[in-house]
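The structure appears below as structure tokens.
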Amino acid sequence: MIDVKNLSKSFGDHLVLDNLTEHINPGEKVVVIGPSGSGKSTFLRCLNLLETPTSGTITFEGINITDPKVKIDAVRQQMGMVFQHFNLFPNMTIRKNITLAPVQTKRMSQAEADGEAERLLKRVDLLDKAEAYPNQLSGGQKQRIAIVRALAMKPKVMLFDEPTSALDPEMVGEVLDVMKELAWEGMTMVVVTHEMGFAREVGSRVLFMDEGHILEQNEPEEFFAHPKSERLKSFLEKVL
Amino acid sequence: MELAYYYDLWRGLMLSKEPITWWQKFYVLFYQAFLDGDRWTQYLNGVVTTIWVTALALCLGVLLGVIVAIVRTAHDQQRPGRRNVFLGLVNFVCQIYVTVIRGTPMMVQMLIMGTVVFSTSRNFTMVGVLTLGINSGAYVAEIIRGGLMSLDPGQMEAGRSLGLDYFTTMEYIVIPQAFKAILPSLGNEFIILLKDTSLISIIGGKELIYAARGIITRTYESMFPLLGTAMIYLVMVLIFSWLQGKLEKKLRQSDRR
């Protein structure tokens, strides 16, 4: 589904991603972990071209999206993204936050989008907040709305960039629950996170990144039980 | 009329150096500055011109400011590797415009426009409008650009990640939020513009100061015409500030918790 070949990204002289090659299959839940500054967020942001790769190619469903001639907006409409800081639009109600993109990209009429928004809001138990503004919600509620907003576009893959890192500890659970539910429904997901429990429970594959490389990857059981590289061993000792 | 009778009486006493009380003198000067020969209509005409000039210069300034701000922001936000040469050129012109206007005094710009560029034009007020609008545009452009740049880049990213194009994201997400953020500085710029309309009198524009100066020349008394002018400007600015406050309050709706 997503094919990454020889991906490199540098900011000025600083090489953040060093010649990564990776393949993500439909239905997979890939969890990316690693120390801060390892390039995991940059890797994720390259997948929908929020960061432009310095070199290498990314192919999504057979389209080389790193080609400057590709209409990137059409590609992004099929890839949902959830940010660490939610990035809800504070000038709009929750309903408008959710329906804006489907309506503006002409995927749905306003009435259809409203119906879809209500269905999704019901799912995350926030239907009563439809007319509220983002500033009236808690962090956990905001992040659930952000997930719903991305889902309203009916994406084929969901990218999560540390979705629980900016939350109060007691709100992490409600967001992870929504993500787990999504995973069970078969959504293809790429998740950058520090939640090892989530990686173990939901991930179909865990990647460990350090200094711009994918140092090690495995299915979760094996990954956490028998880490091979010294770097991963010391990382897991610190975080577990 | 009774008012005119006392004016003539006390003025006669004043001119013949007879002793009169301070309030009699006050009355004479006040009447002379505002009422004698219906002079208040001259101030009124001046105010009307001032408001017209402000409104027209404002439209021109905002139009220029928005265009320049959009060009400069779009230029700065291009994806690396997809730089547009034409946009680069327009951006360069915009930068020169802003630099020159912000780097020279308003008074000098007014004189250059009135006596060099449009030296043959007799429509001084319109030349004034043009100069004020061009001047204001440079400041408005920087205010708008500052507002667009100060917004959390995550807002643009969120819009784009949903598959919205650059201009739709700007229209629905970035600009409404930036507008709210820049409203105080924009209001400030408009107040400066309103007061700067007084400068068009130096190239012969017939606004409020022009009326006051005409009356000063005829009466040899400057205190009341100038104090009156100051009062009129103050009242106009107060009215504008009040309107601005109402608008800001309305836009703060989504901030309520």
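Side-chain atoms are counted along with the backbone in the values below, which use heavy atoms only and exclude waters and symmetry mates. Chain letters run A, B, ... following the sequence lines, proteins first and then strands; every chain starts at 1.
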Tell me whether [X] contacts the main-chain N or O of [Y] through its side chain, where contact means a donor paired with an acceptor under 3.5 Å.
X: A:Asn87; Y: B:Gly154; result: yes
X: B:Gln155; Y: A:Leu88; result: yes
X: A:Asn48; Y: B:Gly163; result: no

Q. How close do A:Lys96 and B:Tyr172 get, heavy atom to heavy atom, and via which atoms?
A.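 Closest approach of A:Lys96 to B:Tyr172: NZ-CD2, 4.3 Å.
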
For [X], is the [atom1] atom crowded, meaning more than 12 foreign heavy atoms sit under 6.0 Å from it?
X: B:Met149; atom1: CE; result: yes
X: B:Tyr210; atom1: OH; result: no
X: A:Phe11; atom1: CZ; result: yes
X: A:Lys180; atom1: NZ; result: yes

Report task. Please lay out, stage by stage, how B:Ile173 and A:Leu100 fare under the test side chain to side chain contact (heavy atoms under 4.5 Å, CB included). Result -> CA-CA 10 Å; B:Ile173 297 159; A:Leu100 180 76; 3.9 Å; yes

**Contacting region of A:Phe89 [heavy-atom separation from chain B under 4.5 Å]** =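 Both parts, heavy atoms under 4.5 Å.
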
| message | Quick check on A:Arg45 against chain B: is it the side chain, the backbone, both or neither that has a heavy atom closer than 4.5 Å? | response |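 Looking at A:Arg45, just its side chain touches chain B.
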
Please rank A:Val82, A:Thr93, A:Leu50 by heavy-atom pairs under 4.5 Å with chain B and give me the top one.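 Most heavy-atom pairs within the cutoff with chain B belong to A:Leu50.
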
Practice task
First locate atom NE2 of A:His85, then atom CD of B:Glu157, and finally report the distance between them rounded to the nearest 0.5 Å.
Solution key: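 Atom-to-atom, A:His85:NE2 and B:Glu157:CD are 11.0 Å apart.
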
Exercise for the section: Measure distances from B:Ser161 to the heavy atoms of chain A and classify the residue's part below 4.5 Å as side chain, backbone, both or neither. Expected result: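 The answer is both parts of B:Ser161.
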
Given A:Arg76 and B:Leu164, is the side chain to side chain contact (heavy atoms under 4.5 Å, CB included) satisfied, shown in steps? CA-CA 8 Å; A:Arg76 284 179 180 146; B:Leu164 298 171; over 6 Å; no

**Item:** Qualifying residue, where the test is side chain to side chain contact (heavy atoms under 4.5 Å, CB included) with B:Leu162 and the options are A:Met81, A:Met153, A:Gln104, A:Gln77
**Value:**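 Of all the options given, the one that passes is A:Met153.
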
